[in-house]
Amino acid sequence: MSTEVCQTLLSGSSVLQLWPQPFADSADAWLRQLTADTPWRQDRITLYGKTHPLPRQQAWYGDAGCEYRYSGLHLQPLAWTPTLNRIRQTLERLCAHRFNAALLNYYRNGNDRMGWHSDNEPELGVNPVIAIASLGATRELALRRNDGSDRMTVSLPHGSLLVMSGAFQHHWQHALPVRKRVSEPRLSLTFRYVRSVL
């Protein structure tokens, strides 16, 4: 990865890196286009035997065959748009890693959220590289070690890139908490590589 503007927040077996603004020239246009053109859907998920509407909207894009399952959902990939393909190519250059799928999450305001989880589905492989491009309102990503020994918070401003790699998904969980004072929307573009066809 390029290290010119990269901040390494965690190193060793679990790696966490932040680029504060690698997309400064394109972030505004991407935000407008993706907000307007994405066929957002609000799915219902099953957790602990109960079904709830997602507290956000989402869309799943990817290469043919890149299906994805989590929390009772089975997502079929939408075809890459020219904009998402450009973003994917930019991330692949920055991360020196190939991505064949992306989960887009639309947080309409500070009430929309993401609960605690790890991106550890079997089809992502043993040590997946997860690249999160953030567009729109600045939100804080909360992180905690599985054993409870450490917690941290990372601010994700408009046009930033956060990359989780190594054994991060084995040892850490992350969440996007409610922030009542945030009134603007945020898009999270989470790129990954799906290693098996379901």
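Closest non-hydrogen pair, Asn127 versus Gly166, comes out as CB-O, 3.1 Å. Arg195 and Gly125 get closest at one heavy-atom pair: CD-CA, 3.5 Å. For Leu161 against Ala133, the heavy-atom pair with the smallest separation is CD1-N, 4.1 Å. Minimum interatomic distance between Leu104 and Trp40 (heavy atoms only, all atoms of both residues): O-CZ3, 3.6 Å. In terms of heavy atoms, Ser155 sits closest to Leu18 at O-CD2, 4.3 Å. The shortest non-hydrogen separation linking Trp30 to Thr83 is CD1-CG2, 3.8 Å.
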Applying side chain to side chain contact (heavy atoms under 4.5 Å, CB included) to Val163 and Ile132, what does each step give before you reach the verdict?
CA-CA 6 Å; Val163 178; Ile132 306 171; over 6 Å; no
For Arg192 and Thr190, run side chain to side chain contact (heavy atoms under 4.5 Å, CB included): C-alpha distance rounded to whole Å, both residues' side-chain angles, the deciding distance at 0.1 Å, then the answer.
CA-CA 7 Å; Arg192 63 208 56 205; Thr190 308; 2.8 Å; yes
Give the intermediate values and the outcome of side chain to side chain contact (heavy atoms under 4.5 Å, CB included) for residues Leu143 and Val154.
CA-CA 8 Å; Leu143 305 111; Val154 179; 3.5 Å; yes
Set out, in order, the CA-CA distance, both residues' side-chain angles and the distance that settles side chain to side chain contact (heavy atoms under 4.5 Å, CB included) for Leu75 and Gln58, then state yes or no.
CA-CA 10 Å; Leu75 304 179; Gln58 66 178 15; 4.0 Å; yes
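At least one side-chain heavy atom of Gln169 sits less than 4.5 Å from a side-chain heavy atom of Pro128. Counting only heavy atoms from C-beta outward, the side chains of Met152 and Leu16 approach each other to under 4.5 Å. In this structure, Arg32 and Asp37 have side chains that are not in contact, with every pair of non-hydrogen atoms separated by 4.5 Å or more. Annotation: side chain of Thr153 is not in contact with side chain of Leu141 (no heavy-atom distance under 4.5 Å). Using a 4.5 Å heavy-atom threshold, the side chains of Tyr106 and Arg56 count as separate. A 4.5 Å side-chain heavy-atom check between Phe23 and Thr90 finds at least one atom pair inside the cut-off.
Interatomic distance, Trp19 CH2 to Ser134 OG, rounded to the nearest 0.5 Å: 13.5 Å. Rounded to the nearest 0.5 angstrom, Ile87 CD1 and Leu34 CG are separated by 5.0 Å. Here the OG-CG distance, from Ser26 to Leu31, works out to 12.5 Å after rounding to the nearest 0.5 Å. Once rounded to the nearest 0.5 Å, the distance linking NZ of Lys50 with CD1 of Ile45 reads 13.5 Å. Atom CG of Leu135 sits about 9.0 Å away from atom OG of Ser188, to the nearest 0.5 Å. Of the inter-residue distances, the one linking Phe191 atom CZ with His97 atom NE2 reads 12.5 Å to the nearest 0.5 angstrom.
Leu91 and Tyr193 end up in different hydrophobic clusters when Ile, Leu, Val, Met, Phe, Trp and Tyr side chains are linked at under 4.5 Å. Met114 and Val178 fall into different hydrophobic clusters, where Ile, Leu, Val, Met, Phe, Trp and Tyr are joined by side-chain heavy atoms under 4.5 Å apart, directly or via other members. A chain of hydrophobic side-chain contacts below 4.5 Å, direct or via other Ile, Leu, Val, Met, Phe, Trp or Tyr residues, connects Trp80 to Leu94. Leu9 and Leu156 end up in the same hydrophobic cluster when Ile, Leu, Val, Met, Phe, Trp and Tyr side chains are linked at under 4.5 Å.
Ser118 and Gln173 share no side-chain donor-acceptor pair at under 3.5 Å.
Below 30°, between 30° and 60°, or above 60°: for Tyr68 and Trp60 the angle between ring planes is below 30°, a parallel geometry.
Side chain of Arg186 to backbone of Thr138: no donor-acceptor contact under 3.5 angstrom is found. Listed for the Asn100 side chain is a donor-acceptor partner under 3.5 Å among the backbone atoms of Val194. Side chain of Thr8 to main chain of Ser11: no donor-acceptor pair is present (N/O by atom type, distance under 3.5 Å, no hydrogens or angles).
For Asp25, there are no side-chain hydrogen bond (donor to acceptor under 3.5 Å, both in side chains) partners two or more places apart in sequence or in a different chain. Remark: Glu121 engages no residue in a salt bridge (Lys or Arg N to Asp or Glu O under 4.0 Å) (not counting sequence neighbours). Evaluation of the side-chain hydrogen bond (donor to acceptor under 3.5 Å, both in side chains) rule for Lys180 yields Asn111 as partners, not counting sequence neighbours. Arg113 pairs by the salt bridge (Lys or Arg N to Asp or Glu O under 4.0 Å) definition with nothing, not counting sequence neighbours. Scanning for side chain to side chain contact (heavy atoms under 4.5 Å, CB included) contacts around Pro39 gives Tyr61, Leu78, with sequence neighbours left out. Scored by the side chain to side chain contact (heavy atoms under 4.5 Å, CB included) test, Arg151 finds Trp116, Arg144 as partners (sequence neighbours excluded). Taking the side chain to side chain contact (heavy atoms under 4.5 Å, CB included) definition, one finds that Thr51 meets it with Arg44, Thr46, sequence neighbours left out. With sequence neighbours left out, the salt bridge (Lys or Arg N to Asp or Glu O under 4.0 Å) criterion links Asp43 to Arg41.
Applying the ring pair (Phe, Tyr, Trp, His ring centres under 6.0 Å) definition to pairs two or more places apart or across chains, none involves residues 125-152. Pairs passing the salt bridge (charged side-chain N to carboxylate O under 4.0 Å, His left out) check and including a residue from residues 95-108, sequence neighbours excluded, read Asp63-Arg98, Arg108-Asp112. Counting only residues at least two apart or in different chains, ring pair (Phe, Tyr, Trp, His ring centres under 6.0 Å) contacts with residues 165-184 comprise His117-His174, Phe168-Trp172. The salt bridge (charged side-chain N to carboxylate O under 4.0 Å, His left out) pairs that include a residue from residues 125-140 are Glu140-Arg179, where partners are two or more places apart or lie in different chains.
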